[in-house]
> 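Below: one structure in structure tokens.
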There are 2 protein chains.
Amino acid sequence: MSRRPQTEIAVLGALSIEPMTGYALRAAIISTLGHFWSESFGQIYPTLARLEADGDVRKDGRQFAITPAGRERLRNLLGEPIERTPPRNGLLLRLFFGRTLGREACADLLRTAHTEALATLETLAAIRAEVDAEDENPDRPYFLLTLAAGEASARAQAEWATSAIAALRD
Amino acid sequence: MSRRPQTEIAVLGALSIEPMTGYALRAAIISTLGHFWSESFGQIYPTLARLEADGDVRKDGRQFAITPAGRERLRNLLGEPIERTPPRNGLLLRLFFGRTLGREACADLLRTAHTEALATLETLAAIRAEVDAEDENPDRPYFLLTLAAGEASARAQAEWATSAIAALRD
DNA sequence: AGAAACATGTAAAATGTTACATGATTGT
DNA sequence: ACAATCATGTAACATTTTACATGTTTCT
């Protein structure tokens, strides 16, 4: 259940794209990986310190840069089995006990979920426009893959919410 | 970030459907809520002890049963805002850095994800057959809602994986 | 009787977030 | 100069899982 390796993937991965400070690292993780990953300062700085001690990153002034050893380590980490976090969907937990919660409250939850899914789709569309423009970026095909995953999931959520609201009316 | 209320929802919710032992509670959470929720013994027993001290559950022999006060508490908890766990999708984290991981390894990950999504759909189909048969169950409409969410998400994942594998070939 | 499953509980270890302390840099 | 933002780091707190210890019940 150790997430350490996965935190290291996020940190080394971001640094493999360009050197940056720990502060910028967090901003990059929020803005770029935000739809499928998250890290807090409390994880980032200790991880950077460990990676520096191991020679996987080097501190140039305030910027952290990945070293050749770090790239090698990133390659190895990426090949390790995916660690699953236990599922925890608060919306479905509430809907499952919907008889106690009440039909109207359930419909409210579903309308909120629908609105959020549409908002996510808008955000992702904006990101897609940006990424589409980066013609030369060798990472682009992979960025687009993860983007498509977010879009597929948000579309599915929106459609499900719509049909669930309809189902509740009967 | 306190998940305590949500653990209590899972425990009180399960007991609102029928009384059972702590051991059976875990089995019920795994088998019935398993696609969107999880709890371990280390959470379940302390939560039961707390709920019993508060008068929300009563121990009859080894069975725990929800009390009227517990039903009231469950209603209140269900109405509280949903606590989000930070997103953490190890598959997308790896694909995002796919240039370093390599195209073939990415395709492998996607094929595995596709297979898993199909397996989930099969499991859910079996559950749907059971739930469909429970004609008299007043919880059924809500169970079906959460089931549909799982199906929509698994279908979306399967379709995305298929198109992502195709996209990688170019 | 012996094995397997049922049942309870807790301590240790890991994980992770939040809040705070502290200071440097930049823009107005 | 002053405010805002950038930047680093850590300590306290909360959360969770895992592993272990310990029995009971049921089945063969």
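What you see below is based on every heavy atom in this structure, not just the backbone, and it leaves out hydrogens, waters and symmetry mates. Letters go in sequence order (proteins before strands), and every chain restarts at 1. In this text, all values refer to a predicted model and were calculated from it rather than measured experimentally.
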> Are Arg84(B) and Glu116(A) within salt-bridge range, i.e. N to O under 4.0 Å?
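Salt bridge present between Arg84(B) and Glu116(A).
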> Give, ordered by number, those residues of residues 54-62 of chain B having at least one heavy-atom distance below 4.0 Å to an atom of DNA chain C; if nothing qualifies, reply none.
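Those residues whose heavy atoms fall under 4.0 Å from DNA chain C, taken from residues 54-62 of chain B in numerical order, are Arg62(B).
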> Mind checking side-chain hydrogen bond (donor to acceptor under 3.5 Å, both in side chains) for Ser163(A) and listing every partner two or more places apart, or none if nothing turns up?
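Not a single residue meets the side-chain hydrogen bond (donor to acceptor under 3.5 Å, both in side chains) criterion with Ser163(A).
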> Quantify the bending of the helix from dA1(C)-dT28(D) to dT28(C)-dA1(D) as the angle between its end axes, each fitted on five pairs, to 10°.
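Its terminal axes enclose an angle near 20°.
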> I'd like to know if the side chain of Gln6(A) and the backbone of Glu83(A) have a donor-acceptor N/O pair within less than 3.5 Å.
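Yes.
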> Strictly below 4.0 Å, N to O, side chains only: are Arg128(B) and Glu151(B) in salt-bridge contact?
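So Arg128(B) pairs with Glu151(B) through a salt bridge.
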> At under 4.0 Å, does any side-chain N or O of Arg88(B) touch on OP1 or OP2 of dT17(C)?
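Arg88(B) to dT17(C) OP1/OP2: side-chain N or O found under 4.0 Å.
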> Rounding to an integer number of Å, can you tell me how far Phe64(A) CZ sits from dA7(D) P?
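My rounded result for the distance is 11 Å.
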> Sub-3.5 Å donor-acceptor pair from the side chain of Arg58(B) to the main-chain atoms of Glu52(B), do we have one?
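Not at all, since once roles are kept as given, no pair shorter than 3.5 Å links the two residues.
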> Output yes when Arg50(B) and Glu8(B) qualify as a salt bridge under the 4.0 Å nitrogen-oxygen rule, no when they do not.
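Looking at Arg50(B) and Glu8(B), the cut-off is met.
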> Does Arg140(B) come within less than 4.0 Å of Asp135(B), counting only side-chain N to carboxylate O?
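Judged by the 4.0 Å cut-off on N to carboxylate O distance, Arg140(B) and Asp135(B) do form a salt bridge.
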> In whole angstroms, how far is the P atom of dT15(D) from the CZ atom of Arg84(B)?
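One finds 18 Å between P of dT15(D) and CZ of Arg84(B), rounded.
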> Less than 6.0 angstrom from the centroid, inside 45 degrees of the normal: does Arg88(A) satisfy that with respect to the ring of Phe36(B)?
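The answer is no; the distance or angle limit is not met.
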> Evaluate the side-chain proximity of Tyr142(B) to Cys106(A): yes if any heavy-atom separation is below 4.5 Å, no if none is.
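Counting from C-beta outward, Cys106(A) and Tyr142(B) do come under 4.5 Å.
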> Can you list, in residue-number order, the parts of residues 37-50 of chain B that come under 4.0 Å of DNA chain D, counting heavy atoms only?
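Going residue by residue through residues 37-50 of chain B, the ones with a heavy atom under 4.0 Å of DNA chain D turn out to be Ser38(B), Ser40(B), Gly42(B), Gln43(B).
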> Return the residues of residues 23-32 of chain A meeting this criterion: a heavy atom under 4.0 Å from some atom of DNA chain D. Order them by number, or give none.
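Listed by number, they are Tyr23(A).
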> Would you call Phe96(B) and Asp139(A) a side-chain contact if the rule is heavy atoms closer than 4.5 Å?
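Contact flag for Phe96(B)/Asp139(A) side chains = no.
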> In whole Å, what is the span from the CD atom of Glu8(A) to the P atom of dT15(C)?
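Computing the Glu8(A):CD to dT15(C):P distance gives 11 Å.
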> Does Asn89(B) reach the side chain of Leu93(B), with side-chain heavy atoms less than 4.5 Å apart?
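Side-chain contact under 4.5 Å: no.
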> Excluding sequence neighbours, so at least two apart, what forms salt bridge (charged side-chain N to carboxylate O under 4.0 Å, His left out) with Arg62(B)?
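None.
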> Taking atom C1' of dC6(C) as reference, at what distance in whole Å does atom CE of Met20(B) sit?
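Interatomic distance, CE of Met20(B) to C1' of dC6(C): 15 Å.
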> Could you walk me through whether Leu15(A) and Leu74(A) pass side-chain contact (heavy atoms from CB on, under 4.5 Å), step by step?
CA-CA 10 Å; Leu15(A) 293 180; Leu74(A) 175 58; over 6 Å; no
